[in-house]
**Student:** 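Encoded as structure tokens, here's the structure I'll be asking about.
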Amino acid sequence: MSKDILCLGIESSCDETSVAVVKNGREVLSNVIATQIDIHKKYGGVVPEIASRNHVENITYVVKEALEKASVSIDEIDAICPTYGPGLVGALLVGLSTAKALAYASKKPLVGVHHIEGHIAANYITHKDLKPPYLCLVVSGGHSHLVHVKDYTDFEILGRTRDDAVGEAFDKVARVLGLGYPGGPVIDKRAKNGNPHVYNLPRTYFENLDFSFSGIKTAVLNLANKEKENLNIDDLCASFEEAVTEMLTTNVLKAVKQIGVNKIAIAGGVSANSYLRERMKKIGEENGLEVYYPELVLCTDNAAMIAAAGYNNFMAGKISELNLNAVPNLKIGD
């Protein structure tokens with residue numbers, strides 16, 4: 001019987017300080033998340049310097065708690081797997097420096113993890129039977145990608161946003177409407193009481209599989225300024241959600257036909273959106289496609305998904321040097 005592989009994941013790319021222990025890339029033994037959402041709410045978004053300082057304050061305690069909850073010591077860990085990009089450079093450096101110190105002191109291999117690959121790998125935790133190849137729609141506050149997952153460590157970008165990420169658009173629309181931060185959950189909640197056909201918001205499509213969300217964001221801003229007292233927030237949230245989901249799913253179906261796969265997954269913070277999940281499930285049923293998405297706790301930034309991706313890299317022999325640096329604009333596949 002082969003030995004179980006334990007990976008310690010460390011995630012600090014934005015405003016979540018998270019450490020997890022994952023066995024064999026799919027079984028979560030612990031996943032501790034110290035969130036900073038309440039801290040950044042007053043600013044309407046993440047303040048990088050404040051995020052970095054809070055990571056410094058939290059990281060040691062979160063590592064300790066993750067090991068204790070998993071009932072393992074650092075000596076039992078097989079690989080230490082930090083996010084090294086993309087993300088906020090100061091925030092990344094906190095988690096990465098901690099990981100390098102742990103790897104050096106314990107003589108364990110360091111396995112750098114791409115943040116987007118981590119989001120994709122969250123699906124392996126929820127769906128133990130999921131295997132490549134498949135198409136993954138990665139939608140979060142900083143990313144909107146259509147990724148052909150050819151193998152566990154082999155990715156091809158088929159389409160990406162040309163301006164705002166979809167999660168960024170949710171946050172900006174929520175700010176315009178005075179709904180607070182983060183925008184995704186509150187828009188999803190308000191949309192449930194609205195009519196998605198009241199406001200005809202623009203959809204943007206290209207000849208390829210790229211996305212654009214700046215036009216719909218501007219349209220909402222113009223409506224908010226024009227309508228003011230007559231604006232129905234619930235209807236506008238529902239109309240915004242409908243338009244964004246239509247743009248996403250249209251490109252998903254085009255990509256599936258282009259690469260010839262029958263499995264689609266979604267990942268990232270926006271994959272928690274209930275309307276997107278329902279629509280993806282529906283197009284799966286209508287087109288004979290298997291649809292996968294992570295459980296809600298694995299949609300937002302967390303270290304379990306980083307450890308899962310780190311396991312795949314470790315098994316593929318992708319070991320990092322201790323001089324690994326943070327890369328805030330890291331491209332998938334680099």
Side-chain angles (χ1 to χ4, degrees), residues 116-150 155-161 164-170 173 182-185 187-192 194 196-197 201 203-205 209-213 216 237-302 305:
I116 294 177
E117 293 179 19
H119 276 304
I120 294 169
N123 281 286
Y124 299 133
I125 297 172
T126 302
H127 307 283
K128 304 292 192 287
D129 58 340
L130 176 61
K131 298 177 181 178
Y134 59 91
L135 176 76
C136 188
L137 173 67
V138 182
V139 278
S140 67
H143 311 284
S144 300
H145 287 72
L146 274 172
V147 184
H148 183 191
V149 183
K150 298 179 178 180
F155 308 92
E156 179 187 3
I157 302 296
L158 303 177
R160 68 182 80 216
T161 183
D164 292 347
V166 62
E168 183 182 2
F170 269 92
V173 164
I187 287 177
D188 194 15
K189 183 178 180 181
R190 294 293 296 263
K192 285 179 169 57
H197 306 296
L201 297 174
R203 279 79 159 157
T204 302
Y205 299 102
L209 296 172
D210 283 351
F211 301 105
S212 172
F213 301 104
I216 188 172
C237 285
S239 299
F240 172 77
E241 201 171 63
E242 162 72 21
V244 167
T245 300
E246 185 178 305
M247 286 188 276
L248 292 172
T249 54
T250 295
N251 277 13
V252 163
L253 285 175
K254 287 165 64 177
V256 164
K257 294 175 182 176
Q258 179 176 308
I259 62 176
V261 296
N262 68 347
K263 293 184 287 190
I264 51 178
I266 53 176
V270 181
S271 68
N273 181 271
S274 62
Y275 190 71
L276 176 60
R277 286 180 173 233
E278 291 168 9
R279 182 68 68 86
M280 289 289 287
K281 182 180 179 182
K282 183 178 180 181
I283 68 171
E285 292 169 350
E286 292 173 348
N287 294 274
L289 302 169
E290 299 174 31
V291 177
Y292 301 86
Y293 36 76
E295 57 188 291
L296 293 177
V297 71
L298 297 175
C299 291
T300 53
D301 293 349
N302 67 91
M305 70 182 195

**Student:** Under a 3.5 Å distance rule, please check whether D210 uses its side chain to pair with a backbone N or O of R160 as donor and acceptor.
**Tutor:**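 Yes: the side chain of D210 pairs with the backbone of R160.
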**Student:** What are the two closest non-hydrogen atoms of E246 and T250, and how far apart are they?
**Tutor:**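 Here E246 and T250 meet closest at O-OG1, 2.7 Å.
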**Student:** A quick test of your reading: do over 12 heavy atoms of other residues, nucleotides or ligands sit less than 6.0 Å from NZ of K192?
**Tutor:** yes
**Student:** Is the shortest heavy-atom distance from the side chain of E295 to the side chain of T126 under 4.5 Å?
**Tutor:**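 Counting from C-beta outward, E295 and T126 do come under 4.5 Å.
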**Student:** Taking NZ in K128 as the centre, count heavy atoms belonging to other residues, nucleotides or ligands within less than 6.0 Å. Is the count above 12?
**Tutor:**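 Correct, the count exceeds 12.
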**Student:** If you look at every heavy atom in K254 and L209, which pair is closest and at what distance?
**Tutor:** CB-CD2, 3.7 Å
**Student:** Determine yes or no for a side-chain-to-main-chain donor-acceptor pair under 3.5 angstrom, with S271 supplying the side chain and G268 the backbone.
**Tutor:**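 Here the side-chain-to-backbone pair exists.
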**Student:** How far apart are the closest heavy atoms of N123 and A265, and which atoms are they?
**Tutor:**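 In this case the closest contact between N123 and A265 is ND2-CB, 3.8 Å.
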**Student:** Check whether any side-chain heavy atom of T204 sits under 4.5 Å from a side-chain heavy atom of I216, and report yes or no.
**Tutor:**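 Result no, sub-4.5 Å side-chain heavy-atom pair not found.
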**Student:** What heavy-atom pair brings G284 and V291 nearest, and what distance separates the two atoms?
**Tutor:** CA-CG2, 3.7 Å
**Student:** Taking the side chain as every heavy atom from C-beta outward, state whether I266 and L248 have any atom pair closer than 4.5 Å.
**Tutor:** no
**Student:** Looking at every heavy atom in both V297 and N302, which two are closest together, and how far apart are they?
**Tutor:**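 Scanning both residues completely, I find the closest heavy atoms to be O-ND2, 3.8 Å.
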**Student:** Looking at side-chain heavy atoms only, is the closest gap between D188 and L276 below 4.5 Å?
**Tutor:**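 Side-chain contact under 4.5 Å: no.
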**Student:** State, to 0.1 Å, how close A165 and H143 come at their nearest heavy-atom pair, and which atoms those are.
**Tutor:** CB-N, 3.4 Å
**Student:** Is the backbone N or O of Y293 less than 3.5 Å from a side-chain atom of H127, with the two atoms forming a donor-acceptor pair by type?
**Tutor:** yes
**Student:** Do the non-hydrogen side-chain atoms of H148 and P133 ever get within less than 4.5 Å of each other?
**Tutor:** yes
**Student:** Got F211 and V244 here, is their nearest side-chain heavy-atom distance under 4.5 Å?
**Tutor:**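 Contact flag for F211/V244 side chains = no.
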